[in-house]
Amino acid sequence: MPSNADAAELFRSIADLLDLLGEKFKPEAYRRAARSIESLTEDLAAVAARHELRAIPGVGEAIAEKTEEYLRTGTVQYYERLKREIPAGLVELMRLPGLGPKTARRFWVELGIEGPKELTDAIAAGRLDGVKGFGDKKIDQIRTALAAAKSGGAATRRPLEEVFPVARSLVNALRAGAPADRVELAGSFRRARESVGDLDILVTSKEPTKVFDVFTAQPEVAEVKMRGETKETVLLKGGLQVDLRVVEPDEFGAALQYFTGSKDHNVRLRSLARDRGLKVNEYGVFRGEERVAGATEEEVYASLGLSWIPPELREDRGEIDLAAKGKVPSLVSAGDVHGDLHVHLPADAGTSDAETVVRDARRRNYSFLGVVVAGVDASGTAWALSEELRSHLSASGGLNPRLYFGVETAPGPLPKGLDAVAHDYRILRPSAGTVGPGESEPPGAPSSVPTVIAHVGASETAALLRWVEEARKSSAAFDLGPGPERLDSTGGRLVREAGLSVHLATGVGRPPDDPTGEVALGFARRAGMPPEKVWNVRLPGALSSARSAPRKSPSAGSSDPPRSPSSTRRRSA
DNA sequence: GCCGTTTTCGGCCCGACTGTTTTCAGTCG
């Protein structure tokens, strides 16, 4: 059964071929459908089975039919026909930087060139010399692009956490060293997309040239690709592209909105503006010649009758309708995070020692910390770690943050002897990473112990769905944050739609430039998570209100975390 | 090809930049 990603790729391929045919609007229609399908929180086949394909934004009659054909037969005749009609090499030519569908098509129609190899030969043979539209510079540019493509330097999207450090460093450098009033990141970085293709930095300044000079002098910058009056594009040493734009202060909000995107969100916004006799561009919102908004994003949205929309939600998934009704959900924010329930210490699998973790937790003003021990034979380790951390706390001015203990365990009942230690909460860990049909059953999660389901990625929707079903029974939360072993925002969205909670990775105890916490928070916001569904904000009920009620072993009393005198007892059923 | 609490037809973002141009086409974001 083809995955959603397979279907999205198919429609993107169709779009590329239609581009080469010179189609004007169809390619974008197919790409929009592809984006939409990719961001679904369930399998396309399930949607198709309910006959609801056309409810997917951007999917109409024609694309719904092709989707059904694809699900049924594994291919689409329309696509097969296009492939027969258009040489595959043309798509490669079209993707070369500086070339597009028009030029690729001209090579094919006018010169019989069907791919990179033939184009390279044609240039070497001087066949492009004197052809209208191809001067020396253009030919040089194409030659360079062909060579670069051959050596495999294709630009790829990178994980958000990977670009975070360099993004922050560039912004800090501009804020410190350039004659700029405001410096902000826009684009998919600001929307906290899981991957970013490039960075967009927006600056207000009266001296663009000086800003560009400071920027270009940064050690990370390898090459200036382009510099105009208001815009500079550079490549960093790792190959990441960064666009820097300078705008006027009273245009800043409009520009920030515009360059934050997403494309689909902006398209929807502009059509809304058109309906109201307004025009939106990166300089402001206009009624005729008159500018009615532009200095701030709030004013841009307000001029269109909308409340401000958090960047992480700007994907045209219904957020504009919500903003029109003033019902944009309030999202968890940095100030809401008061703790972390998934901390490993070095004696276990952690990298930061107890002292560092405690210091960082206090710096962050955390009120609770959960230390986790992995493995089934870790009873002794758990005791040792709990004592270590507790002694650090008491030696450094009291028992704040409050401590909790957890055991990271494979699916199934807790091993004997550990129930005493793990009476507060536990982290479940599927041994094979995911549980799929035919594999071991999802865990019989305990009913009264707060459980975080960790080390489950979102790549297998079907497996995640089984975990969600299991989590429902016990109101467990899912670990969310960067990396393949946590849920990303799409998984988070699925969890939110199921009415369940998440636990955010915070990176507490990690070095100051570690992006884990910010990225996890971004993903959670992107998933539409309100603070009340995030366990880092407030402990789940069983921990916060029934901590003094031992469930299994009264002998564990001596290892209980410090109790608040005011905590109330709650007996679990 | 998709879409519509003003439309089932006629729209679909639009400006910066480059290169090849003498006023513009193509690409990019």
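In what follows, chains are A, B, ... by sequence order, proteins preceding strands, each numbered from 1.
When the nucleotides B/dG1, B/dC17, B/dT20 are ranked by their closest atom to the side chain of A/Lys137, B/dT20 comes out on top. Looking at the side chain of A/Tyr258, the nearest of the listed nucleotides B/dC13, B/dC17, B/dG1 is B/dC13.
With both ends at atom C1', the span from B/dT27 to B/dT20 equals 14 Å, rounded to whole Å. Nucleotides B/dG26 and B/dT21 are separated by 12 Å at their C1' atoms, to the nearest Å. B/dC2 and B/dT6 are spaced 23 Å apart, taking the P atom of each and rounding to whole Å.
No engagement by A/Glu28 is indicated, since no non-hydrogen atom pair under 4.0 Å with the nucleic acid exists. At a threshold of 4.0 angstrom between heavy atoms, the contacts of A/Asp136 are confined to the sugar-phosphate backbone, with no base atom among them. Counting any heavy atom pair closer than 4.0 Å across all strands shown, A/Lys225 reaches no nucleic acid atom. Using a 4.0 Å heavy-atom criterion, one finds that A/Tyr78 contacts the sugar-phosphate atoms exclusively.
Using a 4.0 Å cut-off, some side-chain N or O of A/Tyr283 falls inside it from OP1 or OP2 of B/dA16. A close approach under 4.0 Å does not occur between any side-chain nitrogen or oxygen of A/Lys279 and OP1 or OP2 of B/dC14. Between A/Thr230 and the phosphate of B/dC17, there is a side-chain N or O to OP1/OP2 separation shorter than 4.0 Å. Between A/Gln241 and B/dG29 there is a side-chain polar atom (N or O) within less than 4.0 angstrom of OP1 or OP2.
Between A/Phe189 and A/Phe164, the angle of the ring planes lies from 30° to 60°, which puts this pair in the tilted group. Taking the six-membered ring for Trp and thresholds of 30 and 60 degrees, A/Tyr30 and A/Tyr78 have nearly parallel ring planes, at less than 30 degrees apart.
Between A/Asp16 and A/Arg95, at least one side-chain nitrogen of the basic residue sits less than 4.0 Å from a carboxylate oxygen of the acidic one, meeting the salt-bridge criterion.
In terms of modelled atom types and a separation under 3.5 Å, the side chain of A/Arg245 and the main chain of A/Asp200 share no donor-acceptor contact.
Atom pair A/Asn266:CG and B/dC14:C1' shows a separation of 11 Å (rounding to whole Å applied).
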Please produce a list of atom pairs where a protein N or O lies less than 3.5 Å from an N or O of nucleotides 7-10 of chain B.
none

Below 3.5 Å is the cut-off: list the nitrogen or oxygen pairs between protein and nucleotides 3-5 of chain B, distance only.
{"residue": "B/dC3", "atom": "OP1", "partner": "A/Gly58", "partner atom": "N", "Å": "2.7"}

Which protein N or O atoms sit under 3.5 Å from an N or O of nucleotides 22-26 of chain B?
{"residue": "B/dG26", "atom": "O3'", "partner": "A/Thr103", "partner atom": "OG1", "Å": "3.2"}

